[in-house]
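So the structure is just underneath, and the comments pick up after that.
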Amino acid sequence: MSRERVTTLPSGKLGMWIFLVTDAMSFAGLLTAYGALRARAASWPEATSWLNLPLAAALTFVLLGSSVTMALAADRAIMGRGARRWVLVTVLLGALFLSGQIVEYVGLARRGIGFSDGQAASTYYACTGWHALHLLAGLIYLSVVAVRRRGIETAALFWQFLDAVWIAIFTLVYLV
Amino acid sequence: MSNARFHLIVALGLGALLSLELALHYAPVPPGLSRAALLVLAAVGFVAVVTFHMHLSHEPRGLKLLFALPFVFPLGFGAAIVLEAWLRRAVVP
């Protein structure tokens, strides 16, 4: 077990971890609210009856791929060369995920399913929308990091966290 | 093992885990069992990403405890739901 103290971590990395802890609270709160509403609801629509599960599954694998490319970028950053290319591949995969999410929202909107159309729709939009906003922020963050060629390891923490959270959201909202 | 290969193996493991989740979703398994298994698999996936891709296992113990804090309430809530269902079944004949 590491005997290192938290205060000995580089300030950027420590700051990112503290941010992730607070951010985890927001996602935990949303998913807990989702669980509470669903557990108390008399009935809850089957996800496959109104959501595009094949698309979401494909997007999940895209995000997993972006997780690998981001890890490769962080490794290359430590080695001191070739990190930028992998950050840009991650940005492309992230943009693909976000585009797929927009396709899902447009499909729902065309069928008249909006934010206020029942608890299932409200919680779906709240959880996935909050994650999508984070992903958008992540894309901007990674683009800035790619240009500046600094802070790639710290940015990788944020991106991997979004991947971890999506696994929880995908399972709870689409599969359970 | 190189770091790149390690991350690739972790990602392949996560891919297999998600494939298993999808198979479980479509499989003719009792809903209660399927839900419990899916939640366990999702928790394993989440912990795997945080541990192996984010290297939390290499960080100081204080940071690990700090990161675990946000998940105490949802876990407690989940346990309360299960306990309530169990008590209701025990009381109602």
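For a residue to count as touching a neighbouring chain, one of its non-hydrogen atoms must lie under 4.5 Å from one of that chain's; by this rule Leu9(A) touches chain B with the side chain only. Proximity to chain B (any heavy atom under 4.5 Å) is shown, for Ala156(A), by neither the backbone nor the side chain. At a 4.5 Å heavy-atom cutoff, the contact between Phe71(B) and chain A is made by side-chain atoms alone. Contacts between Leu157(A) and chain B at a heavy-atom distance below 4.5 Å involve backbone atoms as well as side-chain atoms. Neither the backbone nor the side chain of Ala47(A) comes within contact range of chain B; no heavy atom of the residue lies under 4.5 Å from a heavy atom of that chain. Proximity to chain A (any heavy atom under 4.5 Å) is restricted, for Phe77(B), to the side chain, taken from C-beta onward. Within the 4.5 angstrom heavy-atom criterion, no atom of Phe27(A) approaches chain B. For Thr22(A), no part sits under 4.5 Å from any heavy atom of chain B, backbone or side chain. With a threshold of 4.5 angstrom between heavy atoms, Leu53(A) approaches chain B through side-chain atoms but not through N, CA, C or O.
In the hydrophobic clustering of this structure, Phe46(B) does not group with Leu12(B); members are Ile, Leu, Val, Met, Phe, Trp, Tyr whose side-chain heavy atoms approach within less than 4.5 Å, directly or through other members. Follow the hydrophobic side-chain contacts under 4.5 Å out from Phe52(B) and you reach Val44(B) in the same cluster. Linking Ile, Leu, Val, Met, Phe, Trp and Tyr whenever their side-chain heavy atoms come within less than 4.5 Å puts Val40(B) and Leu172(A) in one cluster. When the side chains of ILVMFWY residues are joined at heavy-atom separations under 4.5 Å, either directly or via intervening members, Val165(A) and Leu139(A) end up in a single hydrophobic cluster. Residue Leu30(A) is not grouped with residue Leu75(B) when hydrophobic side chains (ILVMFWY) are merged at heavy-atom distances under 4.5 angstrom, including chains of intermediate members.
Distance check: Leu14(B) CG to Thr60(A) OG1 gives 11.5 Å after rounding to the nearest 0.5 Å. Taking NE2 of His7(B) as the reference point, atom CE of Met70(A) lies at 10.5 Å (rounded to 0.5 Å). Atom NZ of Lys13(A) is separated from atom CG of Leu63(B) by 8.5 Å, given to the nearest 0.5 angstrom. Rounding to the nearest 0.5 Å places CZ of Phe158(A) at 10.0 Å from CE of Met54(B). With rounding to the nearest 0.5 angstrom, the CH2 atom of Trp17(A) is 10.5 Å from the NZ atom of Lys64(B). A distance of 6.5 Å separates OG1 of Thr48(A) from OH of Tyr26(B), quoted to the nearest 0.5 Å.
Crowding of Trp130(A) atom CH2: a count of heavy atoms from other residues, nucleotides or ligands under 6.0 Å not exceeding 12. More than 12 non-hydrogen atoms from other residues, nucleotides or ligands lie less than 6.0 angstrom from CZ of Arg111(A).
Contact record, Ala164(A) with Val50(B): CB-CG2, 4.2 Å, taken as the closest heavy-atom pair. The heavy-atom pair separating Pro70(B) from Ala28(A) by the smallest distance is O-CB, 3.5 Å. Between Val68(A) and Ala11(B) the shortest heavy-atom distance is CG2-CB, 3.0 Å. Val21(A) approaches Phe67(B) most closely through the heavy-atom pair CG2-CA, 3.8 Å. Nearest heavy-atom pair across Ala42(B) and Ile167(A) is O-CG2, 3.9 Å.
Within the 4.5 Å cutoff, no side-chain heavy atoms of Leu72(A) are placed close to those of Leu8(B). Using a 4.5 Å heavy-atom cutoff, the side chains of Phe170(A) and Leu22(B) are in contact. Within the 4.5 Å cutoff, the side chain of Thr171(A) has no heavy atoms near those of the Leu41(B) side chain.
In this structure, the side chain of His25(B) engages the main chain of Leu175(A) through a donor-acceptor pair within 3.5 Å.
With chain B as partner, the option from Ala36(A), Ala168(A), Ser26(A), Gly29(A) having the largest number of non-hydrogen pairs under 4.5 angstrom is Ala36(A). Chosen from Arg35(B), His55(B), His53(B), the residue pairing most often with chain A at heavy-atom distances under 4.5 Å is His53(B).
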